[in-house]
Structure formats: C-alpha cells, structure tokens
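A single structure is presented below for examination.
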Amino acid sequence: MKKTRFERGPLADCVPDLVATARGDLPATLVIRGGTLVNVISGEILPGMSVAIQGARIAYVGKDVSHAIGEHTRIIEAEGRYIAPGLLDGHCHIESTQMKVSEFARAVLPSGTTGGFFDPHEISNVLGLKGLRMMLDEARTTPLAAYLQVASCVPSTHPGLETTGAYIGPEEVAEALSWGPDMIGLGEVMNFPGVVYGDDTMLGEIQATLRAGKVADGHFTWAADDWRLPAYAASGVSGDHECVTKEDVVERLRLGMYAKMRQGSAWHDVAETIKACTELGLDTRRMLLVTDDRSSESLLKEGHMDFVVRLAISQGVKPVTAFQMATINTAERFGVARDIGAVIPGNMADIILLDGRLADVRVGMTIAAGQIVAEHGKMTAAWEPFIYPDEALNTVKLNPDLQPGDMALAAPIAEGTIAAKVIQVTENHVDTKEKLAHVEVKQGLVQVPTDGDVCKIAVLERHKQSGNRAVALVGGIGFKKPAAIAMTVAHDSHNLLIIGNDDALMAEAGNRVIGMQGGVAVVSASGSTEFPLRIAGLMSTEPFEQVAAQSEAVSEALQSAGCTLNNAFMTLSLLALVVIPELRLSDKGLVRISSEGIEQVSLFEEVNEVKAQ
C-alpha cells in the first residue's frame, strides 16, 4: 500500500477551490455517482444522488455532478449503494483497545468509523501531558478525524485515595487545549462529588475548558433522579455516558445534556437506554451512540460503531435516526458539525458506501479526508509509523521479585472466621456490588479456597516506587482451580493489579508483567499466557491482528481457569477505578462509592471505618 499523508485543513482555506469545483471551473478530485444518500440533516433517504469532492472536502451534492468531472477525476459508481457520513464514536478510550492510535485506525476504518472523540485519560494517568501529546501526534498521522480530550481526573478523585503517575490540573488543561482545534475539550469528569461540592481543582478545570470555548464531558453515577444531577449540569458539564436506564437518558436530556448510550465489549447498555427513543418517544437530537470501549477481539469479530448502529436499529430505532445518533448528533455535541457528521457541501469528505439494506450497516468502502482508505473490510491506505520514545516504554517502576508472602492478607483475629467485604463483579456492567462474606482465618491470615467464589485482589503502586500495596477480596471471578491474572491495565491509575486464589501464582503473574514492562499475564498449573503492553503498560507495539490474537489468548486462558465472564479482562481492569459504585481497591486500600460520596473503608466489619471524602 502506498503511504499517504492526510490533510484536514480548515474550511476557510478551501473555500475558493470548493466554490470553483461546485460551479464546474475546477474538476473534482473524486466523484461518487448515482447512490442513495442518507441525509442525516433532513432525515431523508434520497435516491439518485451524487457527491463531488475537491481534496479533503465535499464541493457539491446533487442529482447531477457531471459539470464537476474532469479528465483526471476519479469516479465511483454507487448505484445500488447507500452514501452515508462516516460514523463517529462520541466516547472512547483508545488505550482500552490495547492498540496504539494508528493500529486502532486500521481496525475501525474498514468498518466505517472515520472519526471520534477520544479521552486518553489512561496514558495521562501514567505519563501526564507528555503521554497525551504523544497520542495526539500519532493521531495526526492517520486518516481518522481524531479529536482528543484533556483528561480531567488525574487522579480520578481525591488524591489521598490512590497514586497515579502524573497530575493534571487547571493549568495543564488550559495548556493542552491550546495545542490545536483537534484538542476538543475536557474528558469525562469522573470526580462528580468534587464538582457538586465545590472542589477548586475540578471547577477550575471546567472553567479553563469553557474559557477556551470547548466542551466538558461528564461521568455521573448517582441515581437519575438525584437532586445533585442538576448541580452537576450547572457546572457546564454537558454530556454524560454513564446512562444505564431510559430514566438516566430522560433526566440528562431534560437538563440540556447530551445522553450517550454505550455498547462496549463488557457493558451492554443500549438495549435499555434506547427505550427513551423507542418507548418514550423523546427527541433524539441529543442522543448519541458510543462504545466506551470495544476490545480488539470485538473489533475483529463484530466491528465498531457499525455494530452499535446495527444494534440500535434491531431495538426498533429507524435506520436514519440511528445513523444520526452516530454522526450529526455527535458532531453537533462537540461543535464540529461544520467539518464532520454529514454529507453536505463544505464538510470533510468522510463518507461510507453501504451495500445491501441500510439496516444491515454493511460497509463496502470508507473514504476519509477525500481519499479511499478501505474497501471490502480491508485497508487500502497506509501512513508513516509513529515511534514512541523510551520514556513511554519503561513505566513499570517495580522489581520482578514479588513473593507469595506479598499477597498475604492479615486479619485482626488469629483463628476462626470473620466477616469481610467483598468486591462483587457484575457481568456486562461497570459497577460492582458490596457483599459480605465469612472467610476463614488461620495463623492470622485470611484463607482463600481454590474452588470457592472469593479470590484475592491486590494493587501495587508502580509509578513512584512508594511501596504502596493493598490486598482485599473479590467475588464472581469464577476460578475453579489455582490461577491468577496480573495486569498494568487497571483503570484509571493503572497500577499493577493482581487477582487470584493462589499466592504463589499471583506473585508469579505479577513478576511476569513487571518483566514485560507492562501487560497482562494469566498463570495456572497448565502454564502461562502473556500479552506484552510496552507503551505505558497500556498499549501494544504490535499490529492490530496480533493484538486481537493475544487478547483472545488471554480470554481463553481465563475461561480455561473457570472465569467465564463476558470480556472478562475488560471487566476486571475496572476493579481499581475508585469512582464507580460500589466497592473498589486502590494501592491505598478499599474504597466505597455511594450516594453519600467516596470513602476509604476497612476490609473487615469489626474494624471502624474512617471517612475520606
């Protein structure tokens, strides 16, 4: 494939050439002729339409574009096909696919995603603004209309509850938003209690964003009818993806927010949230379809935004409405509808051609910035590789010398049983439940049977060599034999997370991950499976197809050990995220998230709990 440079210059610079092409004085570079246009502005399906493109932008849309065709114009005959705007993901963390940006682009462009709004708060928690800048620079080499947000929560909440590799505050937000128009706004504000109760840092970050003329995204997990949602909206946060019921969508829309309905690999919320459209009949202009996020396995087997749009249609949404939720609604939410989100004159030529029925969302060709980049599910364009510096490849500041004793869990009694809190995993949902279990204690240490429901979970700080280490209990993993998994993908601080029912295997899994300088390792009596993630301990340096194969191998190893959770790795990676209810573990201990706020709690019921926030 020929290496290509993709230019996405401002509309103002293109006006003379676009108008000249539209009136027939300058031949179009590309013409799509005779297809059925999906007009997401008017909500119409228009047969016999053609599109003339000049460079990266659309010059003319109409029944006849013959006046714009010259000797060197490339013509695509679209009879029997739909012409639709490229799909947009309104909330995604590229790092959560374990791929770097260029490989993510290779994975999603053939399935019709031509752009998105990406929150790199994973790499930001490890490397700060340096990591964010690396991802922005890489994104600019690809055909994607990639808009990045500044991570709002580094750390995700109260700094006393976890240790991150970096810090981002109001000054850093203002600096990053000055890097260019593709720095689109503030990423999901997960510290919603901080916003509601007037935390100076959180309010300062939102103010810096608004002063820059950008938008702030939200993350609110209290109940839909909680009185504090309007207070959160009053801050200027204007979009939220933490919608799991139709009521969540309703309340956000009524407050003027954009409600994002997600269908990731491990959390399936569209079927319920879309009822705000199909059952309640609410206006859909502020409803968005998003992924948040899809694994490399899912991308390979099911697709990306095309999968989410198909799902919405299968739930009873009109096809053109579902397309609006993944194109123009998303572009309008972020204030870039003059550039992307619709096939109209002046916009970027980010276009997909669909075969078969519209409801099938079967992408036959993807055009990005006026160039054909994929056909029949395969990339046809390539670009120069982006090389990450050594600073991004050596971020695990731990020695591979963990011992089984490091996984020991001391109890306040010497012998007998004791009531302990357990982080109970909820399949296909981001939330956990707080559960009580009576566990056996011998010689002052908690005993975890290898054939029971409860495992140990440990988080080890890996950024600053603080030595912080916390061990607790987790349920719902499903291990039926001695096994362990260790990973540096542990949202959002991305410390070393280890889960298992055998101390020796937990230590071994942790040492393997440390030795790889980040990644995932599953260890059992039958062997080990490793998935190296050298870039910040989050992303692979390998091609998309290899990443998908390695991710699948991790899934198979977990299933072999008895963990049958859907997309288990993605679900387990959230167990250290201390802003999602109800119970999580950080390197500093057990954290409870409830309607009352966020607090650090003791593992055992007999020990008094101390409020942290």
S551 side chain vs V547 backbone, donor-acceptor pair below 3.5 Å: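 No, because the side chain of S551 does not come within donor-acceptor range (under 3.5 Å) of the backbone of V547.
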Whether Q98 side chain and S96 backbone form a donor-acceptor pair below 3.5 Å: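 Yes.
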L289: which of T273, L87, V308 passes side chain to side chain contact (heavy atoms under 4.5 Å, CB included):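 Only one option passes, and that is V308.
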Pair S594-E582, side-chain donor/acceptor within less than 3.5 Å: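 E582 and S594 do not have a side-chain donor-acceptor pair below 3.5 Å.
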salt_bridge(E162, K588) N-O dist < 4.0 Å: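 Salt bridge: no.
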Closest non-hydrogen atom pair, K464 against T163: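 Heavy-atom minimum between the residues: CD-CG2, 4.1 Å.
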Nearest-0.5 Å distance that lies between atom SG in C455 and atom CD1 in I477: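 So the SG of C455 and the CD1 of I477 are separated by 6.0 Å.
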Ion pair E103/K100, N-O distance below 4.0 Å: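 The answer is no: the pair does not qualify as a salt bridge.
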Side-chain (N399) to main-chain (D401) donor-acceptor, under 3.5 angstrom: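 Pair absent, no side-chain N/O of N399 close to backbone of D401.
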From CA spacing to verdict: side-chain contact (heavy atoms from CB on, under 4.5 Å), W267, L574: CA-CA 11 Å; W267 23 96; L574 293 177; 3.2 Å; yes
Least distance between heavy atoms, C243 atom then D269 atom: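 What the structure gives for the nearest pair is O-CB, 3.7 Å.
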Qualifying side chain to side chain donor-acceptor pair (under 3.5 Å) pairs with a residue from residues 444-454, counting only residues at least two apart or across chains: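 Sorted result for residues 444-454: empty, none.
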Close side-chain approach of V446 and L603, heavy atoms under 4.5 Å: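 No, their side chains stay 4.5 Å or more apart.
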Donor-acceptor pair between S466 and E461 side chains, under 3.5 angstrom: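 Result is yes, a qualifying pair exists.
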Pairwise side-chain contact, R294 with M305, heavy-atom cut-off 4.5 Å (strictly under):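 Side-chain contact under 4.5 Å: no.
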Q443 atom CD, neighbour heavy-atom count above 12 within 6.0 Å: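 No, not enclosed.
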Gap between atom CG of N428 and atom CD of Q263 - 0.5 Å precision: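 Between Q263 CD and N428 CG, I get 8.5 Å after rounding to 0.5 Å.
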Side chain to side chain donor-acceptor pair (under 3.5 Å) pairs, two or more places apart, involving residues 503-512: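 Listed once each, the pairs are K456-D503, E508-R512, R512-S528, R512-E530.
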Short N-O contact, E247 and R252, less than 4.0 angstrom: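 No, this pair does not count.
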Backbone of A223 reached by a side-chain donor or acceptor of D226 within 3.5 Å: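 No; zero donor-acceptor contacts below 3.5 Å.
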Qualifying salt bridge (Lys or Arg N to Asp or Glu O under 4.0 Å) pairs, either residue in residues 489-500, two or more places apart: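 Every candidate salt bridge (Lys or Arg N to Asp or Glu O under 4.0 Å) pair involving residues 489-500 fails, so no pair, neighbours aside, qualifies.
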Test salt bridge (Lys or Arg N to Asp or Glu O under 4.0 Å) applied to R584 and E434, step by step: CA-CA 9 Å; R584 307 279 158 160; E434 181 177 331; over 6 Å; no
Whether S540 side chain and L533 backbone form a donor-acceptor pair below 3.5 Å: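 The answer is no, because no donor-acceptor pair under 3.5 Å joins these two groups.
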Minimum side-chain heavy-atom gap Y388-M135 below 4.5 Å: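 When only atoms from C-beta onward are counted, M135 and Y388 do touch, with a gap below 4.5 Å.
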Test applied, side chain to side chain donor-acceptor pair (under 3.5 Å); reference residue, R262; option that passes from E242, H91, H268: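 Passing option: E242.
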Nearest-0.5 Å distance that lies between atom CZ in F531 and atom CE in M516: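 The CE atom of M516 is 9.5 Å from CZ of F531, to the nearest 0.5 Å.
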Distance-only polar pair, side chains of Q149 and D217, donor-acceptor under 3.5 Å: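 Distance-only check passes for Q149 and D217.
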Modelled atom types, side-chain donor and acceptor of T164 and N125, under 3.5 Å: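 Their side chains do not contain a donor-acceptor pair, so the 3.5 Å distance test is not met.
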T529 side-chain N/O to V522 backbone N/O, donor-acceptor pair under 3.5 Å: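 Such a contact is absent between T529 side chain and V522 backbone.
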K481, NZ: over 12 other non-hydrogen atoms inside 6.0 angstrom: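 More than 12 heavy atoms, drawn from other residues, nucleotides or ligands, come within 6.0 Å of this atom.
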Spacing of CD belonging to E596 relative to CD belonging to E599, to within rounding of 0.5 Å: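 Rounded to the nearest 0.5 Å, the CD-CD separation comes out at 8.5 Å.
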Flag, side chain of D240 to backbone of Y258, donor-acceptor distance under 3.5 Å: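 Absent.
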Atom of S295, atom of S265 and distance for their closest heavy-atom approach: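 So the two residues come closest at N-OG, 2.7 Å.
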Check: H429 main-chain N/O paired with T426 side-chain donor or acceptor under 3.5 Å: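 Such a contact is absent between T426 side chain and H429 backbone.
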Among H121, E122, E95, H93, side chain to side chain donor-acceptor pair (under 3.5 Å) partner for H491: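 That would be E122; it is the only one of H121, E122, E95, H93 passing the side chain to side chain donor-acceptor pair (under 3.5 Å) with H491.
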S560 side chain vs A557 backbone, donor-acceptor pair below 3.5 Å: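 No: the side chain of S560 does not pair with the backbone of A557.
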Closest non-hydrogen atom pair between D119 and G187, with its separation: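 Scanning both residues, the minimum pair turns out to be OD2-CA, 3.3 Å.
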Side-chain donor-acceptor pair present, T113, H304, cut-off under 3.5 Å: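 Side-chain D/A pair, T113 to H304: present.
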Stacked cation flag R228 on F192, 6.0 angstrom / 45 deg: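 Here R228 fails the 6.0 Å and 45° test against F192.
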Pairwise distance CG(D248) to CD(E272) - rounded to 0.5 angstrom: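 So the CG of D248 and the CD of E272 are separated by 10.5 Å.
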Working for side-chain contact (heavy atoms from CB on, under 4.5 Å), residues V108 and D89: CA-CA 10 Å; V108 303; D89 192 341; over 6 Å; no
Salt-bridge contact D406-R469 (side-chain N to carboxylate O under 4.0 Å):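 A salt bridge links D406 with R469.
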Test log, rule side-chain contact (heavy atoms from CB on, under 4.5 Å), inputs V513 and V396: CA-CA 9 Å; V513 170; V396 181; 5.8 Å; no
Short side-chain donor-acceptor distance under 3.5 Å, S555 and E297: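 Distance-only check passes for E297 and S555.
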K246 with E279: basic N within carboxylate O range, under 4.0 Å: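 Answer for the salt bridge query: yes.
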Exam field: side chain N566 to backbone E427, donor-acceptor pair closer than 3.5 Å: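 No, because the side chain of N566 does not come within donor-acceptor range (under 3.5 Å) of the backbone of E427.
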Nearest-0.5 Å distance that lies between atom CD in Q600 and atom CD1 in I598: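 Spacing of CD (Q600) from CD1 (I598) equals 12.0 Å.
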Worked verdict on F118 versus F104 for ring pair (Phe, Tyr, Trp, His ring centres under 6.0 Å): CA-CA 12 Å; F118 306 115; F104 174 82; 5.6 Å; yes
Test item: E302 and S111 side chains (from C-beta on) under 4.5 Å apart, heavy atoms: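 Heavy-atom side-chain distance check fails, nothing below 4.5 Å.
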Closest non-hydrogen atom pair, N191 against S156: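 Reported closest heavy-atom pair: CB-O, 3.5 Å.
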Passing candidate, side chain to side chain contact (heavy atoms under 4.5 Å, CB included) with R462, options L497, N468, V126: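 Filter result, single survivor: V126.
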Within-4.5 Å side-chain heavy-atom neighbours: V361 and I313: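 In short, these two side chains touch, coming nearer than 4.5 Å.
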Step-by-step side-chain contact (heavy atoms from CB on, under 4.5 Å) determination, L280 to K275: CA-CA 7 Å; L280 303 181; K275 291 176 182 177; 5.9 Å; no
Distance-only donor-acceptor check, side chains E138 and S102, under 3.5 Å: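 Yes.
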Over all atoms of both residues, closest heavy-atom pair of V363 and P110: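 For V363 and P110, the tightest heavy-atom pair comes out as CG1-O, 3.6 Å.
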